[in-house]
Amino acid sequence: MYRTHTCGELRINDVGKNVKLAGWIQRVRDLGAMTFVDLRDRYGITQLVVDEKSAESIREKTAKLGREFVIQAIGNVRERSSKNKNLPTGDVEVFLNEIVVLSVSKVPPFTIQDDTDGGDELRMKYRYLDLRRETVRKNLELRAEMAHATRVYLNQQNFIETETPVLIKSTPEGARDFVVPSRMNEGEFYALPQSPQTFKQLLMVAGFDRYYQIVKCFRDEDLRADRQPEFTQIDCEMSFVDQEDVLKTFEGLTRYLFKEVKNIEIEEFPWMPYSEAMEKYGSDKPDTRFEMLIHNLTEKVKGNNFAVFDSSEFIGAINTTGCAEYSRKQLDELTDWVKRPQIGAKGLVYVKYNDDGSFKSSVDKFYSQDDLKVWAEIVGAKPGDLILLLSGDKNHILTALGELRLEMGNRLGLRDKNIFKPLWVVDFPLLEWDDETKRFYAMHHPFTSPKKEDILLLDSDPGKVRANAYDLVINGVEIGGGSVRIFNKELQSKMFDLLGFTKEEAENQFGFLMSAFEFGAPPHAGIAFGFDRLVSMFAGLNSIRDVIAFPKNNAGRDVMIDSPSTISNEQLDELNLKVVIKGKK
RNA sequence: GGUGGCGUAGUUCAGUUGGUUAGAAUGCCGGCCUGUCACGCCGGAGGUCGCGAGUUCGAGUCUCGUCGUCACCGCCA
């Protein structure tokens, strides 16, 4: 037996016990006649002590200890003469009778402590050392706890956890597939699933009724702080349900997780139509922790000979509370901010509502104090506030104002990580027009059911058709989404039609699903949560990398194992592959 | 595919208008120290300034390219 106790376990009532501990050397404090050693494992830190009364052999071994050596410590628990209130084990120490070095360690490239001196790059390269740090490990413990709680909840609700294949079939819709060559089937490829979408629908046809899986999904698209090429979903599907049933069930899951894991009671989630989210928040994932809503001033500001506004399709404004004091420099800086290509506004018009009730704006030449007062009333501004206006193409300006709103929310400290405001965004458009390819794409996916009342529009005005699709949004982050599915072969064919699939393409790619629907498909609907995002939100982090044990970097590389990598000619040959890199000789 | 930031000691960073021998903190090594717990004190070692080219009498500093990394836009049904 390597140990009788963990390093986080010993307390004052263990005094007198002979114990064995095992762990890593956190730090050695050599005071000359006596030496203190902090021994660390997953559970905590226990102080070991050696003094003049200790055997010479033990003193010699202790003197040679370095950071991150793995040792076994055998000794007697005694009360400390000077206690450390910051440590759960701070009342006791272990007086060493024997010490066994199990493993020596090179000096680690960064310090293994909460406030490490290591940069991201180095910590990723030595991720196994980074994971020794309590802050990092805690994130993964949180992840494990949330996965467990999810299973408890869904099992209670009669969901069947079912695994679906990882080697599946490539389809051109949606994200790029990761692709795996088949050795046994020359010239053919598997794809890794972007989600188990079709399989879970087949499980509904199979009568499973309620399916879930905590499952890896793969998308070969460019990455972000909140996007990894492989990520984890809580993936679910239910039969004989409508939209409300699904939302209630997964609102239940979300609230259960908040309660179990964070002990936070969350009130009922509001439902917000997509159109409202876009018009009030300039985003399909509104951060509802703060107001600062977008207001449409188009009708009020036109006709005053201000050419910029008169020639704009849409003029919108947000009111930033208490910002009337902004200096010229700050306003210029904000103007530059909205003019960056990422936002793409042509300029920024401001109106300061001064404390004395007067207005000062960048368009005083064109508008009277009374005009500005009307604007202030519409946006709900009070003396001391600053109104910011953008103008241009409606959709563009709404999203730009949405970005500006978030930026101002950040600057005003309105986005508190400890406050959680979930909501359901519902009634998404079914289709999205793409100007480049001149065709519609499914906004969610091709199996999403249109709203009954909009089905007639499918022929006359497809862009207007709303879907039974929904997203769970928390604090401006898209945590999950799903839809009521089409379960009728004719409607599904019509959808493929609208999406520009020929009969043959549809048959070739999704024939198995269409066939399944001919054998008695139940009405069904589903949802998937981005598990990494949910965990990082619970942890108060912006990057999902911090809740993944071995994440990949911006370019999809794992800098620890150095992947991806080339493969041998023998492997290529076996797979009938030849590598040709474009643009290189 | 694009925009921007960063790259200097093991690590995190500073480095003025381009000008002497490139600094600090921390870590590491050695010495001293009986109650430390970010121990303290004294001393020491440690640098291809990412790489390549260019401008210049002279480049860590300026220019171009390239590599790495981070953030964002496009992209992500």
Side-chain angles (χ1 to χ4, degrees), chain A residues 26-40 45-54 63 66-68 78-87 89-90 93 95 106-126 129 171-177 194-195 197-198 217-229 231 337 340-344 399-400 403 407 428-432 434 436 440-448 467 469 478 481-483 495 499 509-510 528 530 542-543 545 552-557 559 562 583:
Chain A
Q26 179 71 27
R27 184 173 278 111
V28 178
R29 288 179 295 278
D30 180 358
L31 272 63
M34 63 194 319
T35 299
F36 298 102
V37 178
D38 286 344
L39 190 67
R40 183 198 73 236
I45 284 180
T46 298
Q47 176 167 285
L48 314 176
V49 64
V50 170
D51 66 19
E52 282 180 319
K53 297 181 203 111
S54 303
R67 280 163 55 205
E68 301 306 313
R78 69 185 196 190
E79 187 174 0
R80 293 200 199 183
S81 60
S82 59
K83 298 186 169 58
N84 184 348
K85 281 179 198 143
N86 301 319
L87 224 52
T89 61
E93 63 196 2
F95 184 76
K106 295 208 279 192
V107 175
F110 52 87
T111 56
I112 312 296
Q113 52 197 41
D114 289 356
D115 53 337
T116 181
D117 60 2
D120 289 349
E121 199 177 338
L122 204 60
R123 293 197 290 115
M124 285 306 162
K125 184 168 178 188
Y126 298 93
L129 297 181
T171 56
E173 283 284 298
R176 283 186 203 90
D177 284 319
Q194 297 170 27
S195 84
Q197 185 57 39
T198 50
C217 302
F218 306 86
R219 291 177 193 175
D220 185 10
E221 294 292 346
D222 286 1
L223 308 177
R224 293 284 189 282
D226 63 349
R227 283 176 2 207
Q228 285 273 301
F231 60 99
W337 190 88
R340 288 180 315 142
Q342 284 89 337
I343 306 297
T399 53
E403 294 292 335
E407 173 66 16
F428 276 82
L430 182 69
L431 303 163
E432 237 176 345
D434 181 62
E436 265 177 46
F440 282 107
Y441 283 85
M443 192 155 180
H444 186 57
H445 58 54
F447 317 109
T448 299
E478 183 194 330
S483 62
M495 275 299 295
L499 295 172
Q509 285 167 37
F510 299 111
N542 294 320
S543 172
R545 265 169 236 176
K552 292 179 174 53
N553 75 8
N554 248 5
R557 298 201 67 86
V559 295
D562 193 25

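Heavy atoms only: backbone and side chains are in, while hydrogens, waters and symmetry mates are out. Being a predicted model, the structure only gives us computed values, none of them experimental. Chain A is the first sequence line, chain B the second, and so forth, proteins listed ahead of strands; every chain is numbered from 1.
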K.L.:
Show each protein N/O and nucleotides 42-44 of chain B N/O combination with a separation under 3.5 Å, one pair to a line.
P.N.:
none

K.L.:
Less than 3.5 Å between a donor and an acceptor, one on the side chain of A:R219 and one on the base of B:C76, is that the case here?
P.N.:
no
K.L.:
In whole Å, what separates the P atom of B:A25 from that of B:C42?
P.N.:
11 Å
K.L.:
Can you tell me how far P of B:A38 sits from CD1 of A:I112, to the nearest Å?
P.N.:
17 Å
K.L.:
Could you give the distance separating B:G4 and B:U63 at their P atoms, to the nearest angstrom?
P.N.:
13 Å
K.L.:
Can you tell me how far P of B:A71 sits from CG of A:D222, to the nearest Å?
P.N.:
13 Å
K.L.:
Determine the Euclidean distance between corresponding C1' atoms of B:U8 and B:A24; express it in Å to zero decimal places.
P.N.:
13 Å
K.L.:
Apply side chain to side chain contact (heavy atoms under 4.5 Å, CB included) to A:D30 and list each qualifying residue two or more places apart in sequence or on a separate chain.
P.N.:
A:T35
K.L.:
What string of B, S and - do you get for nucleotides 32-37 of chain B, 5' to 3', if B is base contact, S is sugar-phosphate-only contact and - is no contact with any protein heavy atom under 4.0 Å?
P.N.:
-BBBBB
K.L.:
Write down the distance separating the C1' atoms in B:A71 and B:G15, rounded off to the nearest Å.
P.N.:
26 Å
K.L.:
Please list, chain by chain and in numerical order, all residues satisfying side chain to side chain contact (heavy atoms under 4.5 Å, CB included) with A:Q509, sequence neighbours excluded.
P.N.:
A:T171, A:P172, A:F501, A:E505
K.L.:
When you compare the side chain of A:L431 with that of A:L499, does any pair of heavy atoms fall below 4.5 Å?
P.N.:
yes
K.L.:
If I take atom CZ from residue A:F440 and atom CE from residue A:M495, how far apart are they, to the nearest 0.5 angstrom?
P.N.:
10.5 Å
K.L.:
Name the nucleic acid region contacted by A:P446, choosing base, sugar-phosphate or nothing; use a 4.0 angstrom heavy-atom cut-off, strictly under.
P.N.:
base
K.L.:
Rounded to whole Å, please give me the gap between CG in A:N553 and P in B:C70.
P.N.:
4 Å
K.L.:
Does any nucleotide pair with B:C13 by Watson-Crick or G-U wobble geometry, both distances under 3.5 Å, and what is it?
P.N.:
B:G23
K.L.:
Under the side-chain hydrogen bond (donor to acceptor under 3.5 Å, both in side chains) test, which residues partner A:T89, sequence neighbours left out?
P.N.:
none
K.L.:
For A:Q342, which residues count as a side-chain hydrogen bond (donor to acceptor under 3.5 Å, both in side chains) partner, sequence neighbours excluded?
P.N.:
none
K.L.:
Can you list the residues that meet the salt bridge (Lys or Arg N to Asp or Glu O under 4.0 Å) rule with A:R40, with sequence neighbours excluded?
P.N.:
A:E68
K.L.:
So do the side chains of A:S54 and A:F95 get within less than 4.5 Å of each other, counting heavy atoms only?
P.N.:
yes
K.L.:
When you compare B:G60 with B:U16, how far apart are their P atoms, in angstrom units rounded to a whole number?
P.N.:
12 Å
K.L.:
Taking CZ from A:F110 and P from B:C28, how many angstroms apart are they, rounded to a whole number?
P.N.:
14 Å
K.L.:
Reckon A:R224 has a side-chain N or O less than 4.0 Å from the OP1 or OP2 of B:C73?
P.N.:
yes
K.L.:
Only pairs with both distances under 3.5 Å count, Watson-Crick or wobble alike; so what is the partner of B:G7 in this structure?
P.N.:
B:C67
K.L.:
Measure the shortest side-chain to side-chain distance between A:M34 and A:V49 over non-hydrogen atoms and say whether it is less than 4.5 angstrom.
P.N.:
yes
K.L.:
With sequence neighbours left out, what residues match A:R123 under side-chain hydrogen bond (donor to acceptor under 3.5 Å, both in side chains)?
P.N.:
A:D120, A:D130
K.L.:
What integer number of Å spans the P atoms of B:A14 and B:U61?
P.N.:
16 Å
K.L.:
So, is A:R545 near the phosphate of B:A71, with a side-chain N or O under 4.0 Å from OP1 or OP2?
P.N.:
yes
K.L.:
Holding to side chain to side chain contact (heavy atoms under 4.5 Å, CB included), I want the full list of residues that pass it with A:D38, two or more places apart in sequence or in another chain.
P.N.:
A:Q26, A:R27, A:R29, A:I45, A:Q47
K.L.:
Within the 4.0 Å heavy-atom criterion, would you say A:L122 contacts the bases, only the backbone, or no part of the nucleic acid?
P.N.:
sugar-phosphate
K.L.:
Determine the contact category for A:S195: base if any of its heavy atoms lies under 4.0 Å from a base atom, sugar-phosphate if only primed atoms, P, OP1 or OP2 are that close, otherwise nothing.
P.N.:
base
K.L.:
Would you say that A:Y126 contacts A:P108 through its side chain, given a criterion of any heavy-atom pair below 4.5 Å between the two side chains?
P.N.:
no
K.L.:
Check side-chain hydrogen bond (donor to acceptor under 3.5 Å, both in side chains) between A:E221 and all other residues, then give those that pass, not counting sequence neighbours.
P.N.:
A:R176
K.L.:
Starting from P on B:C76, measure out to CD on A:Q194 and report it in whole angstrom.
P.N.:
10 Å
K.L.:
With rounding to the closest Å, how many angstrom separate the P atoms on B:C67 and B:U26?
P.N.:
38 Å
K.L.:
Using atom C1' in both nucleotides, what's the gap between B:U56 and B:U17 to the nearest angstrom?
P.N.:
15 Å
K.L.:
Would you indicate which nucleotide in B:A71, B:U12, B:C75 comes nearest to any side-chain atom of A:D117?
P.N.:
B:U12
K.L.:
Does B:C62 have a Watson-Crick or wobble mate here (both distances under 3.5 Å), and if so which one?
P.N.:
B:G54
K.L.:
Could you tell me how far apart A:Q113 (CD) and B:A38 (P) are, to the nearest whole angstrom?
P.N.:
10 Å
K.L.:
On RNA chain B, check which nucleotide each of A:A175 and A:M124 is closest to and give me the residue with the more 5' one.
P.N.:
A:M124
K.L.:
Quick one: A:E221 CD to B:C76 P, roughly how many Å, whole number?
P.N.:
6 Å
K.L.:
Does A:K125 have any salt bridge (Lys or Arg N to Asp or Glu O under 4.0 Å) partners at least two apart in sequence or in another chain, and if so, which?
P.N.:
none
K.L.:
Listing time: all N or O pairs from protein to nucleotides 5-8 of chain B that are below 3.5 Å?
P.N.:
none

K.L.:
Nearest-Å distance, NZ (A:K106) to P (B:C29)?
P.N.:
15 Å
